[in-house]
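Just below is one structure, and these are the notes that go with it.
Bear in mind the structure is a predicted one, so any value in this text is a computation, not a measurement.
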Amino acid sequence: MPATERDGGPVRTDAASPGPRAAAGDAPCAPYAPFLDGFQRILADAATTGRRLTRDELQSRRALGARAAEAGHAWRDLVRAHLVAGRAGRPRTADPDSVLTVLEQAVDAFADGYERAQRLVMRKEEAARREFIDDLLSGRGDPGRLAARSERFGLRLSRAHAVAVAEGPERYDESDAVPRQVASELFARFENRRILFTTKDGRMVCVAPADQDDVLTHFAKHAYAAAGGAQAAIGRPRPGPVGIGHSYEEALNALDVAQRMGFDEPLLRAADLLVFPVLARDRQALMDLVHNTLGPLEGARGGARPWLETLVAYFDSGCVSAAAARRLSLSVRALTYRLDRVHVLTGTDPTDPVQRYALQTAVIGARLLDWPARPLRQV
């Protein structure tokens with residue numbers, strides 16, 4: 001007795017007619033029908049004869065796979081659609097192994113086209129994202145276009161933002177293990193926040209709304225841990241697209257100041273270091289101050305460096321001689337001798353509260369200008 005629909009057996013009357021079973025399976029596939037074009041015809045013919053798919057048939061599957069990827073359809077749904085269509089369209093007289101072989105070839109070719117198109121889409125998306133990031137951080141992009149593109153990359157530029165930059169012992173790009181680890185930690189904790197993580201010029205960068213300082217400090221903490229000692233700086237919050245570029249520049253300048261001044265704190269804030277860019281703004285005036293105040297030290301025995309190091313240790317120790325001597329591994333008597341020599345050479349007494357301000361400012365300027373390693377005429 002022939003099987004009936006109630007029995008669960010096949011109800012097709014011939015190999016070419018889909019019958020009720022196909023109708024039952026068509027509904028889940030309906031949204032994907034354009035990407036299954038010709039599939040059941042190929043299945044019916046190839047599975048019945050046991051042949052392999054032709055070059056043209058395989059190419060048609062690849063082309064449809066590419067179209068599905070470009071349309072943004074999920075791979076799991078597309079595979080399910082093929083399975084449903086294959087079950088509905090299998091020939092009654094075909095060997096099951098032949099049906100599976102045809103299905104395997106068709107889906108494999110479809111996957112090849114899908115993956116190629118997806119890689120191309122991803123490359124285009126990454127290029128667009130990189131262009132957006134470069135325009136955003138440079139501060140030179142058109143504000144209107146940046147604002148229009150920002151939602152796509154997770155930012156809302158109508159709000160004020162701040163930028164944190166982390167610099168580690170190595171240069172990174174987003175594919176490296178350290179940035180991937182930092183990004184994973186960041187988005188695991190703040191998955192619902194509108195933040196941007198990227199790399200630029202070998203550094204890790206995080207952009208977050210101005211009222212979400214916890215995001216930036218968390219970023220700095222995990223960058224330090226993942227990179228084995230990365231130093232991070234946070235720029236001041238700024239409004240609008242152009243403000244993000246300014247905050248980024250402030251963070252970079254803070255890292256540069258930290259390197260020149262020997263600051264080793266893992267987290268720096270540009271707002272706490274404003275005196276340094278103020279001093280460096282008029283480089284000629286700063287060079288004149290260093291030359292006039294500290295220039296005489298170059299004529300001393302051993303050059304200016306040991307005397308400058310003495311002053312740095314003294315000022316960094318809060319002008320406490322015993323603490324400065326420990327920093328330099330000197331006796332207090334030896335340190336006092338050096339300070340007296342500085343007084344004689346420069347005419348300014350570092351131990352005098354009234355005179356030390358100009359001397360300390362000149363020392364800061366020397367560190368910013370990398371003097372005496374770089375002669376002032378070359379700065």
Taking CZ in Phe187 as the centre, count heavy atoms belonging to other residues, nucleotides or ligands within less than 6.0 Å. Is the count above 12?
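Atom CZ in Phe187 is crowded, with more than 12 foreign heavy atoms closer than 6.0 Å.
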Report, as yes or no, whether the 6.0 Å neighbourhood of atom NE2 on His73 holds more than 12 heavy atoms from other residues, nucleotides or ligands.
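Yes, NE2 of His73 has more than 12 neighbouring heavy atoms, counting only those of other groups under 6.0 Å.
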Do Phe132 and Ser150 pass the side-chain contact (heavy atoms from CB on, under 4.5 Å) test, and can you show the C-alpha distance, the side-chain angles, and the key distance before you say yes or no?
CA-CA 8 Å; Phe132 169 76; Ser150 65; 3.9 Å; yes
Has [X] got a side-chain atom pairing as donor or acceptor with [Y]'s backbone, closer than 3.5 angstrom?
| X | Y | result |
| --- | --- | --- |
| Thr217 | Asp214 | yes |
| Ser247 | Gly243 | no |
| His343 | Leu339 | no |
| Asp352 | Gln355 | yes |
| Ser98 | Ala94 | no |
| Arg90 | Arg87 | yes |
| Ser317 | Cys319 | no |
| Thr199 | Gly202 | no |

Residues Arg338 and Thr310: side-chain donor-acceptor under 3.5 angstrom:
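There is such a pair (donor and acceptor under 3.5 Å, judged by atom type) between the side chains of Arg338 and Thr310.
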Does a donor on one side chain sit under 3.5 Å from an acceptor on the other, for Arg130 and Thr198?
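Note: Arg130 and Thr198 side chains meet the donor-acceptor criterion.
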When rounded to the nearest 0.5 angstrom, what is the spacing between [atom1] in [X] and [atom2] in [Y]?
| X | Y | atom1 | atom2 | result |
| --- | --- | --- | --- | --- |
| Gln59 | Arg62 | CD | CZ | 5.5 Å |
| Arg193 | Gln212 | CZ | CD | 4.5 Å |
| His161 | Ile195 | NE2 | CD1 | 10.5 Å |
| Leu279 | Arg283 | CG | CZ | 11.5 Å |
| Ile42 | Leu103 | CD1 | CG | 12.0 Å |
| Glu298 | Trp307 | CD | CH2 | 14.0 Å |

[X] bridged to [Y] by N-O distance under 4.0 Å:
| X | Y | answer |
| --- | --- | --- |
| Arg116 | Asp112 | yes |
| Asp211 | Arg159 | yes |
| Asp213 | Arg269 | yes |
| Asp256 | Arg260 | yes |

side-chain contact (heavy atoms from CB on, under 4.5 Å) between Met204 and Val165, intermediate numbers included
CA-CA 6 Å; Met204 292 175 281; Val165 180; over 6 Å; no
Contact summary for [X] and [Y], nearest pair of heavy atoms:
| X | Y | result |
| --- | --- | --- |
| Ala313 | Ala324 | O-CB, 3.7 Å |
| Leu308 | Pro372 | CD2-CD, 3.8 Å |
| Pro169 | Tyr172 | CD-OH, 3.9 Å |
| Gly235 | Ala162 | O-CB, 3.7 Å |
| Ala233 | Ala254 | CB-CB, 3.7 Å |
| Leu64 | Pro34 | CD2-O, 3.4 Å |

Using the side-chain contact (heavy atoms from CB on, under 4.5 Å) definition, which of the options Ile133, Leu216, Val215, Leu196 pairs with Val207?
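That would be Leu196.
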Start with the C-alpha distance between Glu57 and Thr54, add both sets of side-chain angles, then the distance that settles side-chain contact (heavy atoms from CB on, under 4.5 Å), and finish with yes or no.
CA-CA 5 Å; Glu57 288 170 339; Thr54 67; 3.2 Å; yes
Check: [Y] and [X] side chains under 4.5 Å, non-hydrogen atoms:
| X | Y | result |
| --- | --- | --- |
| Phe197 | Pro179 | yes |
| Val312 | Glu309 | no |
| Trp371 | Leu294 | yes |
| Val182 | Phe219 | yes |
| Arg236 | Leu274 | yes |
| Val342 | Leu359 | yes |
| Leu157 | Leu136 | yes |
| Arg61 | Phe39 | yes |

Once you measure the plane-to-plane angle for Trp75 and Tyr114, does it fall in the parallel (<30°), tilted (30-60°) or perpendicular (>60°) bin?
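It falls in the tilted class, 30° to 60°.
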Working for side-chain hydrogen bond (donor to acceptor under 3.5 Å, both in side chains), residues Thr351 and Arg356:
CA-CA 7 Å; Thr351 65; Arg356 79 167 59 122; over 6 Å; no
Cluster overlap [X] with [Y], hydrophobic side-chain contacts below 4.5 Å:
| X | Y | result |
| --- | --- | --- |
| Leu345 | Leu311 | yes |
| Leu186 | Val205 | no |
| Val275 | Ile364 | yes |
| Tyr224 | Leu252 | no |
| Val79 | Phe35 | yes |

I'd like to know whether Val163 forms a side-chain contact (heavy atoms from CB on, under 4.5 Å) with Cys206, so could you lay out the CA-CA distance, the side-chain angles of the two residues, the decisive distance to 0.1 Å, and finally the verdict.
CA-CA 6 Å; Val163 181; Cys206 181; over 6 Å; no
Just do the salt bridge (charged side-chain N to carboxylate O under 4.0 Å, His left out) check on Arg171 and Asp176 with the steps written out, would you?
CA-CA 9 Å; Arg171 295 174 62 85; Asp176 292 332; over 6 Å; no
Walk me through it: do Arg238 and Glu250 pass the test salt bridge (charged side-chain N to carboxylate O under 4.0 Å, His left out)?
CA-CA 11 Å; Arg238 302 278 191 161; Glu250 284 189 340; 2.6 Å; yes
Report the C-alpha distance between Glu249 and Asn253 in whole Å, list the side-chain angles of each, state the deciding distance to 0.1 Å, and finish with yes or no for side-chain hydrogen bond (donor to acceptor under 3.5 Å, both in side chains).
CA-CA 6 Å; Glu249 286 298 326; Asn253 289 337; 4.9 Å; no
Sole residue of Arg180, Lys200, Arg129 in side chain to side chain donor-acceptor pair (under 3.5 Å) with Glu174:
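Exactly one option meets the side chain to side chain donor-acceptor pair (under 3.5 Å) with Glu174, and it is Arg129.
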Mind running salt bridge (charged side-chain N to carboxylate O under 4.0 Å, His left out) on Arg41 and Asp45 for me, showing each step along the way?
CA-CA 6 Å; Arg41 176 186 56 77; Asp45 183 69; over 6 Å; no
